[in-house]
Amino acid sequence: MAERKGMCEDLARILISEEQLRSRIGELGAELTRDYRDKNPIFVGVLKGCFIFMADLLRSVDIYCTMDFMAVSSYGNGTTSTGAVKINKDLSRDIAGRHLIIVEDILDSGITLSYLKQYLEVRRPASIKLVTLLDKPSRRRADIRADYVGFEVEDAFVVGYGLDYAEEYRNLPYIGILKPEVYETEK
Ligand code: IMP
Ligand code: MG
């Protein structure tokens with residue numbers, strides 16, 4: 001492998017700064033706190049992309065709640081959806097009669113979340129809502145929208161704050177646009 005300089009060298013630019021993330025996630029947490037008081041919801045994180053967002057979001061939600069995780073794959077190492085969704089890890093508890101809040105990193109084609117929603121609806125939860133940190137509405141292929149959106153973003157491939165390219169860049173503390181040459185040449 002060729003020598004690599006540093007993750008930020010691979011970015012065209014920073015799209016959402018740490019400060020912007022902190023402030024918007026605080027607002028989302030306050031909205032959820034208001035909407036779910038006394039509902040004892042289950043936050044369902046979609047791994048792996050949700051892990052940083054979920055950790056910060058949940059610390060800004062001030063209500064009794066529980067959390068669980070699912071792992072799904074819809075992407076290989078590339079940057080566009082294959083259209084197929086595979087469940088790699090399912091929920092660990094029963095959800096019948098419970099209020100679910102699905103937490104995603106990004107809503108892109110929408111294929112992953114619309115599949116997941118239908119998959120979980122069969123188990124008769126009281127309600128299912130979607131929270132996504134990022135929304136790319138211009139790329140939507142499935143008929144789905146999020147109930148809570150952190151930021152609407154342009155049609156560019158973004159990484160950081162949990163989002164990956166080929167499993168890397170998740171640990172960047174902000175969201176950046178990856179230089180196209182990174183995914184056009186490397187793999
Ligand atoms: P969808 O099924 O096309 O909505 O894709 C959702 C999943 O694709 C997300 O959970 C991400 O893991 C991945 N994804 C979509 N767009 C991006 C991006 O710009 N950067 C990193 N991952 C992305
Ligand atoms: Mg991903």
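Ligands are counted one by one from 1 in listed order, and the atoms in each one are counted from 1 as well. Atom set for the values below is all heavy atoms of this structure, side chains included, hydrogens, waters and symmetry mates excluded. Keep in mind it's a predicted model, so treat the numbers as computed, not measured.
- Taking every heavy atom of Asp105 and a limit of under 4.0 angstrom, the matching atoms of ligand 1 come to 9 (C), 10 (O), 11 (C), 12 (O).
- Residue contact check for ligand 1: Leu113 places no non-hydrogen atom closer than 4.0 Å to it.
- Within ligand 1, the atoms closer than 4.0 Å to a non-hydrogen atom of Thr112 are 1 (P), 2 (O), 5 (O), 6 (C), numbered from 1 in the order shown.
- For ligand 1, the atoms sitting less than 4.0 Å from at least one non-hydrogen atom of Asp164 are 21 (C), 22 (N), numbered in the order shown with element in parentheses.
- A salt bridge is absent between Arg24 and Glu19: the closest approach of a Lys/Arg side-chain nitrogen to an acidic carboxylate oxygen does not fall below 4.0 angstrom.
- Residue Arg139 places every heavy atom at 4.0 Å or more from ligand 1.
- Between Asn88 and Ser73, the side chains place a donor N or O and an acceptor N or O closer than 3.5 Å (distance only, hydrogens not considered).
- Contact annotation: for Lys136 versus ligand 1, heavy atoms closer than 4.0 Å belong to the side chain alone.
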With a 3.5 Å cut-off and sequence neighbours excluded, list the donor-acceptor pairs that the side chains of residues 46-58 form with protein atoms.
unit_1, atom_1, unit_2, atom_2, d
Lys48, NZ, Glu167, OE1, 2.8
Lys48, NZ, Glu167, OE2, 3.2
Asp56, OD1, Arg59, NH2, 2.8
Asp56, OD2, Tyr161, OH, 2.5

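- A salt bridge links Arg13 with Glu154; the closest basic N to acidic carboxylate O contact falls under 4.0 Å.
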Just list the side-chain donor-acceptor pairs under 3.5 Å for residues 30-37, sequence neighbours left out, or say none.
unit_1, atom_1, unit_2, atom_2, d
Thr33, OG1, Gly29, O, 2.6
Thr33, OG1, Asp62, N, 3.1
Asp35, OD2, Tyr148, OH, 2.5

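- Listed by number with element, the atoms of ligand 1 under 4.0 angstrom from any heavy atom of Ile111 are 2 (O), 4 (O).
- Within the structure, ligand 1 lacks Cys50 among the residues with a heavy atom less than 4.0 angstrom away.
- In this structure, Gly110 has a heavy atom closer than 4.0 Å to ligand 1.
- Proximity of Ala156 to ligand 1, defined as any heavy-atom pair under 4.0 Å, is confined to the backbone N, CA, C and O atoms.
- The existence of a salt bridge linking Lys179 and Asp10 is excluded, since no basic side-chain nitrogen approaches an acidic carboxylate oxygen closer than 4.0 Å.
- At least one heavy atom of Val158 sits closer than 4.0 Å to an atom of ligand 1.
- Residues Asp90 and Tyr119 bring a donor and an acceptor atom of their side chains to less than 3.5 Å of each other.
- Ligand-side atoms of ligand 1 in range of Asp108: 1 (P), 3 (O), 4 (O), 5 (O), 15 (C), 16 (N), range being under 4.0 angstrom from any heavy atom.
- Of all the atoms in ligand 1, the ones that sit under 4.0 Å from a non-hydrogen atom of Leu163 are 20 (N), 21 (C), 22 (N).
- Using a 4.0 Å cut-off to heavy atoms of Glu104, the atoms of ligand 1 that qualify are 10 (O).
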